[in-house]
Amino acid sequence: MDRLDKFLCDSGAGTRSQVKAILKAGRVNVDGKPEKDGSRKIDPQTQTVTLDGEVLGGKRRVVVMLNKPAGFVTATEDARQKTVMELLPKEWAHQDLRPVGRLDKETEGLLLFTNDGDLLHRLISPKQEVPKVYYARHEGQAGEEDVAAFAAGLTLGDGTACRPAVLEPMGPGESLITVCEGKYHQVRRMMASRNMAVTYLERRQEGSLTLGDLPRGKARELLPEEIGLLENR
Ligand code: URA
């Protein structure tokens, strides 16, 4: 059961104060009867709520892209450390957003959030093989043998087998790495297994989504067509 005013906000009817005015103006019906009391409890599974005669679908799907700075852990809460949730604007606080996968505390770059559990699971499932592109600064210089080892699928120090990945040397101590899975510290461990310890890591792309000109530390909601790109890869 949801409060009617919260349901209206979550459905995208407006902000809390707009929803108050909408209710007062008698524009909302519950199961065909006008309802002005925002505190009334409703069951979105079994009851029909309309605004100006249009049926509302309940929680609006929200997908957000953050350009994560270093120093924040990917978690919804943490007793001691700053979390990525603190970087999201307050207007999304009631949207139940969860990070899609994780970036290490010191890793920067593209991190998605959504309130759509199905989309979240599809994006982090290794079966879906969403390619993620990372820029790394690292010790040493990547050479042809390293490129071939990444392409063949690396075995990490603890015996973990990685899927084939793409290593593109960019210059001394700089590479792009594309992986289709998200094991713990994956890129750092892959590079370390080739004696190229990572000193800086940034995720630049997920599927066909890039950070564009989104400044570090800022977040924005994805457009419907961008969500479509993620879903129909
Ligand atoms: N691989 C890593 O090692 N760290 C990240 O944050 C992401 C991928």
Exercise for review: Apply side-chain contact (heavy atoms from CB on, under 4.5 Å) to the pair Thr76 and Arg98, showing each step before the final yes or no.
Suggested key: CA-CA 7 Å; Thr76 46; Arg98 316 226 147 219; 4.2 Å; yes
Point to revise | Step-by-step side-chain contact (heavy atoms from CB on, under 4.5 Å) determination, Gln141 to Asp146 | key: CA-CA 9 Å; Gln141 164 70 46; Asp146 301 306; over 6 Å; no
Exercise for review: Could you go through the side chain to side chain donor-acceptor pair (under 3.5 Å) check for Gln81 and Lys105 one step at a time?
Suggested key: CA-CA 9 Å; Gln81 310 192 73; Lys105 185 175 174 188; 2.9 Å; yes
Point to revise | Step-by-step side-chain contact (heavy atoms from CB on, under 4.5 Å) determination, Met196 to Glu139 | key: CA-CA 5 Å; Met196 295 183 287; Glu139 289 173 4; 5.6 Å; no
Check your understanding: side chain to side chain donor-acceptor pair (under 3.5 Å) between His138 and Thr199: does it pass, once the steps are laid out?
Key -> CA-CA 5 Å; His138 53 84; Thr199 54; over 6 Å; no
**Study point:** Derivation of the side-chain contact (heavy atoms from CB on, under 4.5 Å) call for Cys180 and Lys132
**Key:** CA-CA 6 Å; Cys180 290; Lys132 297 164 197 94; over 6 Å; no
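The backbone N or O of Val62 sits less than 3.5 Å from a side-chain atom of Asn115, completing a donor-acceptor pair. Judged by distance alone, the side chain of Glu225 and the main-chain N or O of Ile227 form no donor-acceptor pair under 3.5 Å. Using modelled atom types, no side-chain atom of Ser125 and backbone atom of His121 make a donor-acceptor pair closer than 3.5 Å. Listed for the Thr114 side chain is no donor-acceptor partner under 3.5 Å among the backbone atoms of Leu120.
Looking only at side-chain heavy atoms (C-beta outward), Leu110 and Thr210 stay at 4.5 Å or farther from each other. Side-chain contact check for Pro215 versus Asn67: every heavy-atom pair is 4.5 Å or farther apart. Side-chain contact between Val28 and Thr50 is absent, with no heavy-atom pair separated by less than 4.5 Å. With contacts defined as side-chain heavy-atom distances shorter than 4.5 Å, the pair Tyr135/Met170 qualifies. By the 4.5 Å heavy-atom criterion applied to side chains, Tyr134 and Met190 are not counted as neighbours. Between Asp37 and Leu4 there is no side-chain heavy-atom pair separated by less than 4.5 Å. Within the 4.5 Å cutoff, no side-chain heavy atoms of Val55 are placed close to those of Val49. Between Lys82 and Val73, the closest side-chain pair of non-hydrogen atoms is not below 4.5 Å.
The two residues Gly71 and Glu106 have their closest heavy-atom pair at N-OE1, 3.8 Å. Considering all non-hydrogen atoms of both residues, Thr178 and Ala165 come closest at O-CB, 3.3 Å. In this structure, Ala219 and Pro89 approach most closely via the heavy-atom pair CB-CD, 4.3 Å. The two residues Gly109 and Leu103 make their nearest non-hydrogen contact at O-CD1, 3.9 Å. When all heavy atoms of Lys68 and Thr107 are compared, the closest pair comes out as NZ-O, 2.8 Å. Nearest heavy-atom pair across Gly101 and Ile124 is N-CG2, 3.4 Å.
Listed by first and then second residue, the side chain to side chain donor-acceptor pair (under 3.5 Å) pairs that reach into residues 162-171 are Glu129-Arg163, sequence neighbours excluded.
Looking at Asp118 and Arg122, no side-chain N of the basic residue comes within less than 4.0 Å of a carboxylate O on the acidic one, giving no salt bridge. The pair Arg216-Glu202 meets the salt-bridge criterion, with a side-chain N (NZ, NE, NH1 or NH2) lying under 4.0 Å from an Asp/Glu carboxylate O. Between Glu226 and Arg220, at least one side-chain N (NZ, or NE/NH1/NH2) sits under 4.0 Å from a carboxylate O, which counts as a salt bridge. In this structure, Arg189 pairs ionically with Asp158, as a charged nitrogen and a carboxylate oxygen lie closer than 4.0 Å. Using a 4.0 Å cut-off between charged nitrogen and carboxylate oxygen, Arg102 and Asp104 count as a salt-bridge pair.
A continuous path of Ile, Leu, Val, Met, Phe, Trp and Tyr side chains, each step under 4.5 Å between heavy atoms, connects Val198 with Val147, placing both in one hydrophobic cluster. Both Leu201 and Phe72 sit in one connected hydrophobic cluster of ILVMFWY residues. Membership requires side-chain heavy atoms under 4.5 Å apart, directly or through other members. Phe150 and Val166 fall into different hydrophobic clusters, where Ile, Leu, Val, Met, Phe, Trp and Tyr residues are linked whenever their side-chain heavy atoms come under 4.5 Å apart, directly or through other members. Met65 and Val130 fall within a single hydrophobic cluster, where Ile, Leu, Val, Met, Phe, Trp and Tyr side chains are chained together by heavy-atom contacts under 4.5 Å. No continuous path of hydrophobic side-chain contacts links Leu176 to Val187 [ILVMFWY only; heavy atoms under 4.5 Å].
Heavy atoms from other residues, nucleotides or ligands lying under 6.0 Å from NZ of Lys183 number more than 12. Counting heavy atoms of neighbouring residues, nucleotides and ligands inside a 6.0 Å radius, atom CD of Glu54 does not exceed 12 of them.
Of the candidates Leu222, Val84, Val63, Val84 is the only one forming a side-chain contact (heavy atoms from CB on, under 4.5 Å) with Phe113.
The line from CG of Leu230 to OG of Ser208 is 7.0 Å long, rounded to the nearest 0.5 Å. Rounding to the nearest 0.5 Å places CZ of Arg203 at 13.0 Å from CD1 of Ile177. Note that CG of Asp10 and CG of Asp2 are 6.5 Å apart. Values are rounded to the nearest 0.5 Å. One distance of note links CD of Glu221 with CG of Leu97; it measures 8.5 Å at 0.5 Å rounding. Distance check, rounded to the nearest 0.5 Å: CG of Leu112 to CG of Leu209 gives 6.0 Å. Note that CZ of Arg40 and CG of Leu23 are 11.0 Å apart. Values are rounded to the nearest 0.5 Å.
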